[in-house]
Amino acid sequence: MADLSINFAGVKSPNPFWIASGPPSNTAYQSHRAFEAGWGGIVWKTIGDPIVNVSSRYSALNLGGQRMVGFNNIELISDRSPETNFREIKEVKDRWPNHAVIASLMVDTRERWHEFVKRSADCGADGIELNFGCPHGMCERGMGSAVGQNPDVAETIVGWVMEAAEIPVIVKLTPNITNVVYAARAAKRAGADAISLINTINSITNVNLDTLTPEPSVRGLSSHGGYCGPAVKPIALNMVQSCAADPEVGLPISGIGGIGNWRDAAEFLALGSLSLQVCTAVMHYGFRIVEDMNEGLSDYLDSKGYKSVADFSGAAVKSLSDWQYLDLNYKRVARIDYDKCIGCNLCYISCEDGAHQCIDLVDSAPYGLGPGRVPGKPVPKVREEDCVGCNLCSIVCPVDDCITMVEIETGREKFSWNDYQARLAKGEMQPIPAHP
Amino acid sequence: MLIKPLLDAGTAARNMAEKEARYAPQEALIESNRCLFCFDAPCIMACPTGIDIPSFIKKIANGNPTGSARTILTANVLGASCARVCPTEVLCEGACVVLDLEGDPVKIGRLQRYATDYVFEHQIDVLQAPAKKNGKKVAILGAGPAGLGCAAELAQLGYDTTVFDKKKEGGGLNTYGIAYYKMPPKISLDEVKMIERLGVKFQYGVEIGKDLTMPELEKNYDAIFLALGLGGANRLGIPGEDLPEVVDALEFIEWIHTKPLHEVPVGRRVAVLGCGNTAIDAVSQSKRLGADVATIIYRRGEDDMPAYGFEYELAKNDGATFHFHTIPTEVLAENGHVKALRLAKTETRDGKVQIIPGSEWTEEFDLVLKAVGQEKQSSAFEKLFPSLKLDRKGRVEHNPETMATSVPKLFVGGDCANGGREVVNAVAEGKKAARGINALLTKQNVTGPVQPSRYGAKDGALGSGFNHPIRVPELLAAMNS
Ligand SMILES: Cc1cc2nc3c(=O)[nH]c(=O)nc-3n(C[C@H](O)[C@H](O)[C@H](O)COP(=O)(O)OP(=O)(O)OC[C@H]3O[C@@H](n4cnc5c(N)ncnc54)[C@H](O)[C@@H]3O)c2cc1C
Ligand SMILES: Cc1cc2nc3c(=O)[nH]c(=O)nc-3n(C[C@H](O)[C@H](O)[C@H](O)COP(=O)(O)O)c2cc1C
Ligand code: SF4
Ligand code: SF4
Ligand code: SF4
């Protein structure tokens, strides 16, 4: 069995699954429940000077009957006092000494940072996470993403924290920035031990078309919220990989954003995370989801022969590069398995209207009837010579493995955009003619 | 007649309630999201009226039930009743690709009902006739589905349309003949009212041939649409057939639609002769109205019966019993009332049903329902329109594209043209005839509100369900019979 335990910048955890800072990590009671369910760590709901929340705080993007594809909130940091929070952290640590408990902090002045960093260590927290990401409410007061969006300011504040820190410091990055790598580098320069990302993305999920107010509506008025949940995973993965691949960053990464199951988790690990944080999925289904995360990840690592999470972390980072290195001579085409095709013709219309017009509807006779085909109804046929191999039809096809993208041997050697530009410059070739 | 109603009002209403509940909004959302939104969808091809099914389902998923109903009703003005009475298993749902993907098709009929119920309940008229009529007059003979389909289409094309029917109300068999648990008559009557609001005039209590004759019609109208359906039940030709408790199954079903349910007389022991869909409807409704025993008597075997498999299952679930390979030879009476049936076992030799000698026995029944097929109106038609050509099965010959008959200006559709199919075929043929009439009177081919998302189908959307049969064996059997 693969070893799921991790040592994340000095923070030890029996598995990589942590509760992200948010409503599920608000209290000692929830922490007990989370650890009982099998979570490896918890990042406490951000502690700072207590705030006051509004009622009506969340809204969601539902899609095709599927709820909470994306989730939005206008909540602030903890509304409980620092005393209560630090006392409860101690209580949790006393009962769960081998689990990771991280104090998430957000204050303003250098003195306050020093004070809160010290109180975190005193109560037994294993580490500190700096919340530079909250996109609403706090930034108006010069905290949260107001810090995270300005690498220089972030660097200064991380510096203050490092002056007092005796336990590992994780800097939580905001995605509401042009290039997250600059923020990660700033954290590194200031001496942080690790980074975590992403926090929530600025959002408006929907407008109620009867009242014409967006949700969540607070007496007819809403506010810009923070977006998370399954819909943000691709954005989070992109940012995690960018930081993991950047030679200047070189910090352990805690991956966050849309993780809901072991597959999501494995993808975050593959792209360079070492620990994983989950908020929305727990808000949707409760702590029990971690059971399959642990089991699924363990089985996966075993099946692929990885000994530990650390062994696997980053395994796919190098499989991405900049576009100009990709092989322009690589070719794949779509191929339809007529035994599986159910005849929805979505491949046809998507290619016809949405891509490159290389699927025809033809007489089905030579292709046999797929299951349940209406006699006389035409079947889709790919004109392979025109197919650019864009993948669209295979993505829209509702039947698994019905359209496969097949690699075509062109017999031509690898030829990237960079190679192309170099040969052009040397006058070794003519420009490739534009697509007709 | 000795038979009496058997149930109190509450029980009767419960037993005869619509067999499936209307979808709640969330159910409709979930079900509509199962649809893949196929392009040139096979379900459209399988619908005789060519409703753009993916579009109407998408509109439900997008929270636009009114638009959904508009899509449905432009293609099929009786979309609300078709949603309930269509044999969807052998039509749209039988062709749905999700059936192949998941083994369970998108519930097109129930979604169609959801959308159409919505506009009827909210009194939204989605169809509109042009404000200015085109000055041409068309007479429609018969207010059944074919007549209504034609009238609605003509009204939308600007014609002055009058529908004649001998009954007190419109809808034809849709109002008087459909199994009550599939659809109560109110739905059909609401549809008639909707068509009235399109400006179509209805004259009831007018019997064609008696109160109104062909010369009058020819004089006063630019075109005539013939949609008188089929005649009464075929005769059995056995002794005792004319006893008072030997009733045409259609007449029995009509009682159910014209009397309060708890006042419909039914036997304690009911024999239904025949095994088509009418027989199945009669036997199920007899059981539901309180008969102790309701038995189908059919001279051939289980595999030969013309009824759809799913109708058969329904009757069995209702507790109906079946005597296959059995034929009645005589209705026995006591004091002038039905007492029993004399029955005999049959075998089929060289395709012919023959009585097995010495196999006869007697079984007690107090009501015998005849469902051995409806007569064609051949003799009535011969009298009405002497030059009208009928085929050898007694159906009115017609051009399949325009529905024109051998008589100038006379068009035909529905059961009297196709020999008896479904409501949806009648509507489609009525609509097709309306276009034929329009082409004749304006020399112009309007496609009207035909659904747009078709590709590659040889003829138009209309009537294609039966022209492009889908794989369901029942359907092929129905076509070949
Ligand atoms: C018992 C039964 C159950 C059925 N169940 C279903 C079902 O579940 N689903 C389905 O799709 N189909 C069903 N059908 C078939 C369907 O009802 C018919 O196919 C459809 O009604 C045909 O429509 P139509 O307009 O051609 O004829 P009809 O509905 O028969 O309408 C003909 C109209 O003409 C009128 N008429 C007749 N003669 C004259 C005259 N001389 N003068 C004036 N008016 C006249 C009649 O009063 C009637 O209103 C069923 C049929 C029967 C008999
Ligand atoms: C209601 C809510 C409150 C949150 N509060 C905090 C917070 O106090 N501090 C913080 O660092 N992140 C906070 N987050 C962000 C989450 O920790 C996490 O970064 C983000 O939700 C993405 O992960 P997910 O897709 O698993 O939810 C909050 C998120 C939600 C939904
Ligand atoms: S989730 Fe709990 S706190 Fe939130 S609205 Fe519902 S009951 Fe209230
Ligand atoms: S999308 Fe797939 S199932 Fe649909 S027609 Fe194309 S190949 Fe067949
Ligand atoms: S065939 Fe089924 S899935 Fe496709 S459009 Fe029709 S109802 Fe939808």
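Each chain gets a letter, A, B and so on, in the order the sequences are listed, and its residues count up from 1.
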From [X] atom [atom1] to [Y] atom [atom2], the distance as rounded to the nearest 0.5 Å:
X        : Y        : atom1 : atom2 : value
A/Asn345 : B/Leu36  : CG    : CG    : 11.5 Å
B/Cys38  : A/Ile349 : SG    : CD1   : 12.0 Å
A/Lys340 : B/Leu101 : NZ    : CG    : 12.5 Å

Does [X] have more than 12 heavy atoms from other residues, nucleotides or ligands lying within 6.0 Å of its [atom1]?
X        : atom1 : result
A/Arg57  : CZ    : yes
B/Gln128 : CD    : no
A/Glu291 : CD    : no
B/Gln123 : CD    : no
A/Arg263 : CZ    : no

B/Phe37 versus A/Leu346, closest heavy-atom pair with distance: O-CD2, 3.2 Å

Nearest non-hydrogen partners of A/Gly343 and B/Pro42, listed with the distance: O-CD, 3.9 Å

Most contacts with chain A, counted as non-hydrogen pairs under 4.5 angstrom, among B/Asn62, B/Ile30, B/Asn33: B/Asn33

